[in-house]
A.B. asks: 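Please find one structure pasted underneath; my questions will follow.
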Amino acid sequence: MKKIFSILIALMMVFSTGAVAFATDGTTVEKDKPAKVHVTSVKTQENSKVKPDFTMLKDLRAQILANRTTIVAIKADIKVAHTAVMAKIKELRNSNPAITEDQITAIKALKEEIKMGRGTYESNHKGVLLEERAILKTAHANKDREAMKSGLENIIKEQNLKITDLKAILHNLNDVLDALNDIK
C-alpha cells in the first residue's frame with residue numbers, strides 16, 4: 001500500500017512539473033484563452049479585409065477569360081470571312097475571263113484594305129498583353145494586390161481595344177465581301 005501511495009505522489013509531481021514546464025511565460029492555460037480569442041478575432045478581421053480583394057481579383061480574372069473567349073470567337077469569324085473573300089476573288093478571276101481593268105483595280109484595292117487592317121491591328125496590339133502579363137507576374141511575386149489589380153484592369157482594357165479592332169476588321173471583311181458580290 002505504501003508503494004502505491006508513493007507511486008501516485010510521484011506521478012502527481014511529474015505531471016504538475018510537466019504542466020509548469022510547458023506553460024509559456026509562467027502563465028497558465030486559463031490566462032491564455034482570452035488572448036487566443038483576441039488573436040483569432042484580429043486574424044478574422046484581417047481575413048475579412050483580404051477576401052474582398054481576392055473576390056475582386058477573381059472577378060477580374062473571370063472577365064479576362066470571358067474577353068479571351070470573345071476574341072477567339074471573333075478571330076474564328078474573321079477567318080471564315082477572309083476565306084470567303086479569297087474564294088470570291090478566286091471565283092471572279094476564274095469564272096469571268098472578261099474582267100475589266102476597273103474591276104481588277106477594285107479587287108486589288110479591296111485586298112489592300114484587308115492587308116492594311118491586319119497591319120494596323122498587329123502594330124497596335126503586338127506584345128502589349130505580354131508586357132502587361134509580365135508586370136502582373138512581378139506584382140504577384142511581390143504579393144502587391146494593388147499592382148495586381150491594376151495589371152488585370154490594364155489587361156482588360158487592352159482586350160477591349162483588341163475586341164473593338166477585331167470587330168472593325170470583321171465588319172471591313174464583310175463590306176469587302178459585299179463589294180465583291182456586287183462585281184459581275
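For the numbers below, each heavy atom of this structure counts, side chains included, while hydrogens, waters and symmetry mates do not.
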A.B. asks: In terms of side-chain heavy atoms, does Asn67 have a donor or acceptor partner in Gln63 at a distance below 3.5 Å?
C.D. replies: yes
A.B. asks: Drop me the distance from Thr83's OG1 to Ile78's CD1, to the nearest 0.5 angstrom.
C.D. replies: 11.5 Å
A.B. asks: If I take atom NZ from residue Lys157 and atom CD1 from residue Ile155, how far apart are they, to the nearest 0.5 angstrom?
C.D. replies: 12.0 Å
A.B. asks: Main chain of Leu177, side chain of Asn181: is a donor-acceptor contact present, judged purely on distance under 3.5 Å?
C.D. replies: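 Yes; at least one donor-acceptor contact below 3.5 Å.
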A.B. asks: Measure the NE2-CG distance between His171 and Asn174 for me, rounded to the nearest 0.5 Å.
C.D. replies: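 Going from NE2 on His171 over to CG on Asn174, the span is 8.0 Å.
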A.B. asks: Can you tell me how far the CD1 atom of Ile156 sits from the NZ atom of Lys162, to the nearest 0.5 Å?
C.D. replies: 14.0 Å
A.B. asks: Check the pair Glu132 / Glu158 against side-chain contact (heavy atoms from CB on, under 4.5 Å), numbers first and verdict last.
C.D. replies: CA-CA 9 Å; Glu132 290 298 329; Glu158 180 61 30; 5.5 Å; no
A.B. asks: With rounding to the nearest 0.5 Å, note down the distance linking CG in Leu152 to CD1 in Ile64.
C.D. replies: 4.5 Å
A.B. asks: As an exercise, state the distance from CZ of Arg68 to CD of Gln159, rounded to the nearest 0.5 Å.
C.D. replies: 7.5 Å
A.B. asks: Is Met148 reachable from Ile135 through a run of hydrophobic residues whose side-chain heavy atoms are each under 4.5 Å from the next?
C.D. replies: no
A.B. asks: Could you see if Met86 belongs to whatever hydrophobic cluster contains Leu170? Use Ile, Leu, Val, Met, Phe, Trp, Tyr and a side-chain cutoff under 4.5 Å.
C.D. replies: yes
A.B. asks: Against Thr70, only a single residue in Ile163, Leu65, Leu166 fulfils side-chain contact (heavy atoms from CB on, under 4.5 Å); can you say which?
C.D. replies: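 Considering Ile163, Leu65, Leu166, a side-chain contact (heavy atoms from CB on, under 4.5 Å) with Thr70 is found only for Ile163.
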A.B. asks: Check for me, please, whether Ile169 and Ile71 land in the same ILVMFWY cluster - side-chain distances under 4.5 Å, paths through other members count.
C.D. replies: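 Yes; Ile71 is reachable from Ile169 via cluster members.
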